[in-house]
There are 4 protein chains.
Amino acid sequence: MMQTNEAKKWQRRKEDRPGEILDAALALFTEKGYTSARIDDVALRAGVSKGTVYLYFESKEALFKAMVRKKVLPQMEKAEQLVAVHKGNSAELLEKIALQWWFALQHTDLSGLPKVVVAEAGNFPDIASFFVENVVIRVRSLFAKIIQQGMDMGEFRKVSPTEAARVFTSAIVFAAIWKHSLAPFDNMPFESEEYLQIHLENFIRGLQA
Amino acid sequence: MMQTNEAKKWQRRKEDRPGEILDAALALFTEKGYTSARIDDVALRAGVSKGTVYLYFESKEALFKAMVRKKVLPQMEKAEQLVAVHKGNSAELLEKIALQWWFALQHTDLSGLPKVVVAEAGNFPDIASFFVENVVIRVRSLFAKIIQQGMDMGEFRKVSPTEAARVFTSAIVFAAIWKHSLAPFDNMPFESEEYLQIHLENFIRGLQA
Amino acid sequence: MMQTNEAKKWQRRKEDRPGEILDAALALFTEKGYTSARIDDVALRAGVSKGTVYLYFESKEALFKAMVRKKVLPQMEKAEQLVAVHKGNSAELLEKIALQWWFALQHTDLSGLPKVVVAEAGNFPDIASFFVENVVIRVRSLFAKIIQQGMDMGEFRKVSPTEAARVFTSAIVFAAIWKHSLAPFDNMPFESEEYLQIHLENFIRGLQA
Amino acid sequence: MMQTNEAKKWQRRKEDRPGEILDAALALFTEKGYTSARIDDVALRAGVSKGTVYLYFESKEALFKAMVRKKVLPQMEKAEQLVAVHKGNSAELLEKIALQWWFALQHTDLSGLPKVVVAEAGNFPDIASFFVENVVIRVRSLFAKIIQQGMDMGEFRKVSPTEAARVFTSAIVFAAIWKHSLAPFDNMPFESEEYLQIHLENFIRGLQA
DNA sequence: TATGAATGAGACTTCATTCAT
DNA sequence: AATGAATGAAGTCTCATTCAT
């Protein structure tokens with residue numbers, strides 16, 4: 001475990017330090033929760049000393065907030081670009097974007113974020129607000145817009161598009177939370193992607209007029 | 001003005017105490033998370049002193065575990081009895097039980113539990129296992145059985161019943177987690193029950209053969 | 001263990017309570033030390049509830065002090081009477097009294113006292129003073145007087161009688177301390193009374209003119 | 001007037017710290033007993049903060065155990081070397097080594113150890129065992145060997161050499177215990193070394209054939 | 001008298017943060 | 001820029017003491 005870090009140390013460029021620390025922070029905060037994750041652990045995982053963390057981040061709280069912002073923003077931009085590009089009917093669009101999100105939330109380090117934010121929302125109101133504004137609402141509008149288009153085209157039946165968007169995303173986000181909480185204790189993992197299949201098919205078929 | 005509280009200081013009410021403390025614990029753990037919730041806070045909310053908490057629970061960890069067990073078990077029994085009683089086709093059954101769960105997870109003190117368990121799974125493996133065994137798997141089989149029946153009757157199309165059950169429940173559980181995390185920061189609360197409506201209709205319509 | 005206490009409860013007269021508590025206190029203080037012995041343990045061993053201890057003793061400190069006084073004083077009176085009664089030359093007298101002390105400090109519940117007093121002297125200066133005045137000095141004078149007589153009679157060589165008394169008693173007291181500290185960990189117990197034999201013979205032969 | 005201390009607050013002296021803390025621990029444990037000595041006191045006496053103690057020792061118990069080991073082992077090695085070097089008949093040898101032990105147990109910081117170990121034996125069985133094995137038995141054999149030689153040479157009368165060794169050492173160890181317990185309350189201190197004189201003369205004369 | 005539930009001061013221990021090197 | 005020894009506030013837990021019953 002240390003070997004891996006040691007090996008990388010050599011080829012690591014100085015400019016990556018803050019990023020590596022944020023990666024370590026996300027991993028640790030995901031695994032242990034904000035309070036139980038120690039700065040020492042983050043430093044160790046990042047391959048630096050405790051003091052170095054404080055060189056780049058004023059405090060544990062600042063580290064946490066920086067981590068959320070850093071992980072969230074680039075991802076959001078990418079996501080919104082996809083919509084503009086995609087073509088096809090609403091059902092196809094919905095499916096394509098859902099797959100992108102599913103992948104990001106299952107197979108990138110981003111997958112730990114929802115659990116962390118949800119768990120610490122009560123203790124970090126400004127992070128919660130930030131997350132709602134910059135992720136929740138934007139993602140919801142994204143999907144709502146697609147659904148609205150589907151309804152406008154007569155493809156979907158009439159429902160509240162934002163509520164429908166919420167239903168649609170909840171199953172995907174829930175899977176990400178699950179992955180970092182009870183999945184290891186459940187003999188029925190999410191790795192088989194039938195879960196997503198069923199969700200997409202039911203949701204879209206159910207929505208179709 | 002402190003008189004009212006002071007007067008009750010030395011009340012002896014052994015019978016109620018453990019339950020009151022567990023209620024306070026659920027509330028605090030839900031709000032702050034396990035580590036950030038202080039025993040002092042729990043005691044204060046329960047209307048007792050710190051020492052009294054330790055009179056009934058060996059440690060903070062024991063309190064947490066007792067709380068989960070206490071909140072989970074009676075609820076599960078109630079839930080399973082409902083299924084036996086209900087009549088009608090699978091779609092109706094699904095809807096009826098979903099409504100029960102929705103109510104329990106939105107309007108009773110149980111609603112905080114999923115967030116707590118999910119947030120602390122990594123730090124309390126045995127609680128995680130306990131929860132998976134006693135809640136997750138049982139609830140999943142419950143719904144899987146209904147879905148299976150629907151498929152057997154030709155009412156539903158063929159899919160993995162357990163995965164479908166997982167999809168079905170995830171939206172409901174997610175709403176409970178949301179309620180105790182980002183909902184207060186979201187101008188679009190779950191209180192309007194259109195969310196559940198859409199989920200039920202889409203899921204069931206989508207599942208119908 | 002409880003059986004024994006329960007059985008006695010019936011035939012126990014109320015007037016014995018304080019005495020039973022003091023006995024329990026001596027046992028617990030000997031075994032655990034003053035600070036580590038809990039009032040709960042003392043109460044349990046005495047077969048009463050914690051509250052009852054406070055009925056008879058104002059505080060833990062008061063209990064400790066009462067215990068020392070109670071155990072010490074009657075014993076001292078007994079000891080001093082023996083000297084007046086005994087007859088014979090100084091060597092014989094020395095031996096006789098030494099045997100009495102040895103017995104008391106090995107086979108009665110008094111044996112735990114020296115260890116307790118020695119261990120807590122720093123924390124209870126007034127108990128330390130009390131013990132020095134009422135036990136140490138009196139015992140020392142007792143033996144010093146006998147030794148002085150021996151010197152006066154030409155039976156013993158000339159040395160400081162008080163220092164000689166101190167040498168004489170130290171081996172006996174040390175055995176009592178040992179019994180309640182390292183003896184259980186030593187494969188060579190004091191039970192064989194050769195230790196005392198050698199001490200008496202060496203000391204007396206060495207003192208003889 | 002606090003300046004002098006304050007100025008040193010952030011000194012880094014890793015090399016010396018553990019030793020200084022162990023010295024402070026011995027002093028405090030001797031004076032107050034294990035339980036009554038607070039880590040704060042030890043830290044204060046060592047000139048560091050509470051946290052620093054935990055930097056070097058995992059717990060109060062670990063500190064205690066480390067202290068005993070640290071103080072005991074070097075002393076034992078020194079002691080055993082002395083025997084090999086000394087020459088003369090058994091009586092002379094006995095006297096010489098006794099003087100060394102007397103000095104060590106009266107005038108070095110080691111003198112507090114016997115009281116501490118004796119007082120805490122019941123609470124620290126492994127320390128008690130360690131002490132018996134590494135000190136008690138080794139010292140006893142040391143003296144037993146010398147006494148045995150004396151008997152072999154016809155210099156001493158026949159007695160159990162280990163029991164005789166125990167008698168011989170008990171007076172010396174007792175003096176060390178006394179020094180840190182009741183001596184301050186006794187108007188007859190051990191500083192005048194007549195106590196040792198009488199013990200040595202009586203014991204040796206009494207043992208001679 | 002006797003009980004034992006309730007209290008809260010106090011001790012151990014952790015860990016975010018500081019700062020000399 | 002980087003380190004890691006040192007700090008001390010804060011939290012868990014214990015237990016002597018109180019008091020309603």
Side-chain angles (χ1 to χ4, degrees), chain A residues 14-15 17 34-44 47-64, chain B residues 6-18 35-43 46-63, chain C residues 14 17 34-44 47-63, chain D residues 6 8-15 17-18 35-43 46-63:
Chain A
K14 273 188 183 177
E15 317 86 60
R17 282 280 156 86
Y34 174 79
T35 320
S36 296
R38 284 171 297 134
I39 293 280
D40 265 315
D41 295 338
V42 173
L44 186 67
V48 299
S49 77
K50 190 170 25 172
T52 302
V53 175
Y54 280 88
L55 222 51
Y56 294 104
F57 304 95
E58 248 196 344
S59 64
K60 191 183 186 183
E61 188 169 336
L63 171 64
F64 181 73
Chain B
E6 294 297 324
K8 297 190 171 186
K9 217 188 225 183
W10 276 94
Q11 259 185 18
R12 287 164 57 115
R13 290 181 304 159
K14 192 185 177 185
E15 329 74 42
D16 309 342
R17 285 287 150 85
T35 318
S36 296
R38 284 170 297 123
I39 292 281
D40 270 317
D41 296 338
V42 173
V48 298
S49 78
K50 197 180 8 172
T52 302
V53 175
Y54 283 93
L55 211 54
Y56 296 102
F57 303 95
E58 259 197 336
S59 63
K60 190 182 185 183
E61 187 169 338
L63 172 63
Chain C
K14 274 188 181 175
R17 282 282 155 85
Y34 174 79
T35 319
S36 296
R38 284 171 298 132
I39 293 280
D40 266 316
D41 296 338
V42 173
L44 186 67
V48 298
S49 78
K50 189 167 31 169
T52 303
V53 174
Y54 281 89
L55 221 52
Y56 294 104
F57 304 96
E58 250 196 342
S59 65
K60 191 183 187 185
E61 188 170 336
L63 172 63
Chain D
E6 295 295 325
K8 296 191 169 185
K9 217 187 224 184
W10 276 92
Q11 259 187 19
R12 288 164 59 115
R13 289 182 303 160
K14 192 184 178 185
E15 331 74 42
R17 285 286 150 86
T35 317
S36 296
R38 284 170 296 124
I39 291 281
D40 269 315
D41 296 338
V42 173
V48 298
S49 78
K50 200 176 8 174
T52 302
V53 174
Y54 283 91
L55 211 55
Y56 296 102
F57 304 96
E58 260 196 336
S59 64
K60 191 183 185 183
E61 187 170 337
L63 172 64

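Residue numbers start from 1 in every chain, and the chains themselves are labelled A, B, ... in the order their sequence lines are given, proteins ahead of strands. Basis for what follows: all heavy atoms, side chains included, without hydrogens, waters or symmetry-related copies.
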| task | Calculate the interatomic distance between F57(B) atom CZ and dT12(F) atom C1'; express it in whole Å. | result | 16 Å
| task | Might you point out which heavy atoms bring I39(B) and K60(B) nearest each other, and give the distance in Å? | result | CD1-CG, 3.8 Å
| remark: From CG of L44(A) across to P of dT3(F) the rounded distance in Å is 12 Å
| message | Suppose we screen for side-chain contact (heavy atoms from CB on, under 4.5 Å). Which residues come up paired with F57(B), at least two apart in sequence or across chains? | response | P18(B), I21(B), L22(B), L63(B), A66(B)
| Partners of S59(B) by side-chain hydrogen bond (donor to acceptor under 3.5 Å, both in side chains), sequence neighbours excluded? | none
| Phosphate oxygens OP1/OP2 of dA6(E): is one of them under 4.0 Å from a side-chain N or O of T52(B)? | no
| task | Report the residues that fulfil salt bridge (charged side-chain N to carboxylate O under 4.0 Å, His left out) with K50(A), sequence neighbours left out, ordered by chain and then residue number. | result | D40(A)
| query | In the 5'-to-3' direction, what one-character label does each nucleotide of nucleotides 14-21 of chain E receive under the scheme B = base within less than 4.0 Å of a protein heavy atom, S = sugar-phosphate only, - = no such atom? | reply | BSSBBSB-
| message | Could you spell out the base pairing of DNA chain E as a dot-bracket line? Use Watson-Crick and G-U wobble contacts where both distances are under 3.5 Å, [ ] for crossing pairs, | for partners on a different strand. | response | .||||||||||||||||||||
| Would you say a side-chain N or O of R17(D) is under 4.0 Å from OP1 or OP2 of dA6(F)? | yes
| request: Compare side-chain N and O positions of Y56(C) against OP1 and OP2 of dA2(E) and report whether any pair is under 4.0 Å apart. | output: yes
